[in-house]
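Below: one structure, written as structure tokens.
Numbering of ligands and ligand atoms starts at 1, following listing order. Heavy atoms only: backbone and side chains are in, while hydrogens, waters and symmetry mates are out. None of the values given here were measured: they were computed from a predicted structure. Each residue takes its place number in the sequence, starting with 1.
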Amino acid sequence: MPEPTPKADILVIDDTPENLNLLSVLLIKHGYKVRSVTKGSTGIRGAQVMPPDLILLDVNMPQMSGYEVCHHLKADDRTREIPIIFISALEAVSDKVKAFQAGGVDYITKPFQIEEVLARIETHLTLRRLQSQLQLQNEQLQQEIRERKHAEEKFATIFQHSPNPIAIVTVSEGQLMEVNPSFLSISGYTRDQVIGNSITQLHLGHDSTTFLRRLQTTETFHNLEFELLTHSGSVKSILLSFDRIELNGTTYALLIANDITERKRLENEFISLVSHELRTPLTSMMGSLDLLSSGQLGGLTEQGQQVLSIGVKNAERLIRLINDILDLERIRSGKITMNRRSCNLADLMIQATEEMQAMADRSKIQLSTEPVSILLNADPDRIVQALTNLLSNAIKFSPAQTTVQMQACSSGHTPSVCISVCDQGRGIPSHQIQTIFERFQQVDTSDARQKGGTGLGLSICRNIIEQHGGRIWVESTVKQGSTFYIELPLNT
Ligand code: ADP
């Protein structure tokens, strides 16, 4: 089946009416729409008002030659793109060259062959259509590129100017791929120092190894408190959130931080101020209560004794809380320095067990300690404080008739010793494994009342262990039990 001839609008400019007629009839017969004029100037105007798809233009015309008409049409934006085919009786090569120089796309000599005219017209119409299509696609592409660039610029600006430090790191290694200026300004590093290095290589925090493990095992996390170690060695408190992102087919972690150093400082200052202010009247209150219960000021009824003992119990709890707060604050701020000396871990394990034996007996829990004789360079009182704290928690959160086990083993790889306290208690939900080491974080808020805890014990433990260059963590399964680990470096 023959291809249907596309409808196209053709303008014929020729001063010879016979020629015009001949061409018009021929083109109309083949399905084209034809406009014909005998003068160049009329042709130009017609083309400007309603641009045709193609122009057949006679070279030899009296007032304005075909070349001149062509020049005019090519000089006008409205008509520049219309393909022009010259028609002439002249056959010299120079004429053809002139026609092409004027901007014509083709040249037909008279007397013309019908088939040739039709074939040339069709070829140039197709070319023109393809060209327009290309132009349109090109414009669309340009527009898309502009829009993309615009969007990219927008996000790049947000990234560059965000007041929050942002970093993109690999999930497997924690390698920094991209950071923004806020990140550089808070960490004190230059771009060259961080890009390509990992969080652990740069030692961006005491617990950067734990953080990396978390990055690998958790999809997303919000507002994780993190102590950032800057290039100059100072510590900044930040809240870290991260989420997984896909970039060019690879999964990365997007880290966004919030600097809370100042807020934290004010908070600490406030807590320690309030604690100091509370301690004096509380101690005096405790003295008064003691005096009352001693009976020196007269006897009390049995009910009075009961009320008094509730008062004493609560005052003791308050004093414990305040002492813990102040203790933590002093360790954190370095006001209490670790009094390191050579000591045997076995002695410390035995001492901590003996201190907790009475509590374990009351709770019907068996304490099983396997002392290991290893020489440590540590503050013995503080290490015992940390161990008793872990034992006390293990006892507190375990049911009767279970065992709490304390063991230790040394590792020669990086000379260190790992002490574990394992219980068969209620366990800790996985999302709270990290937060319980923060101040006042308790899995169950009713614990404080029931168990007399302050939510500060693990925070104090962590500070003591970190001051010794070690680390503390927990592995736990809900309803099955928890194992707390303390790793201390040897030979330091
Ligand atoms: P607290 O004074 O409440 O014991 P800690 O800082 O020592 O404060 O512990 C924080 C919280 O961690 C506890 O309130 C408890 O919810 C949880 N926890 C600590 N040790 C254990 C454990 N061995 N088993 C279960 N939960 C524990």
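- Considering both main-chain and side-chain atoms, N393 comes within under 3.5 Å of ligand 1 through a nitrogen or oxygen pair.
- Within the 4.0 Å heavy-atom cutoff, G427 counts among the residues contacting ligand 1.
- Heavy-atom minimum distance, I433 versus S476: CD1-CB, 3.9 Å.
- Considering every non-hydrogen atom in both V372 and A408, the closest pair reads CG2-O, 3.3 Å.
- If you look at L456 next to ligand 1, the close heavy atoms, those under 4.0 Å, all belong to the backbone.
- Atoms of ligand 1 found under 4.0 Å from any heavy atom of K396 (numbered from 1 in listed order, with element): 1 (P), 2 (O), 4 (O).
- For Q432, the closest heavy-atom approach to ligand 1 does not fall below 4.0 Å.
- The closest approach between any non-hydrogen atom of S482 and ligand 1 is below 4.0 Å.
- In the candidate list I428, V421, I433, I428 is nearest to atom 26 (N) of ligand 1, counting heavy atoms.
- For ligand 1 and A394, the ligand atoms under 4.0 Å from any heavy atom of the residue are 23 (N).
- Shown here is E173, whose CD atom has no more than 12 heavy atoms of other residues, nucleotides or ligands within 6.0 Å.
- When only interatomic distances are considered, the shortest N/O to N/O separation between G455 and ligand 1 falls below 3.5 Å.
- A cation-pi geometry, defined here as NZ or CZ lying under 6.0 Å from the six-membered ring centre and within 45° of its normal, does not hold between R244 and Y252.
- Taking any N or O of V443, backbone or side chain, at least one lies under 3.5 Å from an N or O belonging to ligand 1.
- In this pair, F226 and F211 present their aromatic rings tilted. The plane angle is within the 30 to 60° band.
- Classification of the Y189-H231 ring pair by plane angle, with boundaries at 30° and 60°, yields tilted.
- Taking only nitrogen or oxygen atoms, main chain and side chain alike, F397 does not reach within less than 3.5 Å of ligand 1.
- Between Q441 and ligand 1, not a single N/O pair is under 3.5 Å apart.
- At a 4.0 Å heavy-atom cut-off, ligand 1 touches F484 through the side chain alone.
- Nearest heavy atom pair, residue M338 against residue R382, reads SD-CG, 3.7 Å.
- Of the polar atoms of R426, none of the N or O atoms is found under 3.5 Å from an N or O of ligand 1, judged by distance alone.
- Side chain of E225 to backbone of S237: no donor-acceptor contact under 3.5 angstrom is found.
- Considering every non-hydrogen atom in both T403 and S368, the closest pair reads CG2-CB, 4.0 Å.
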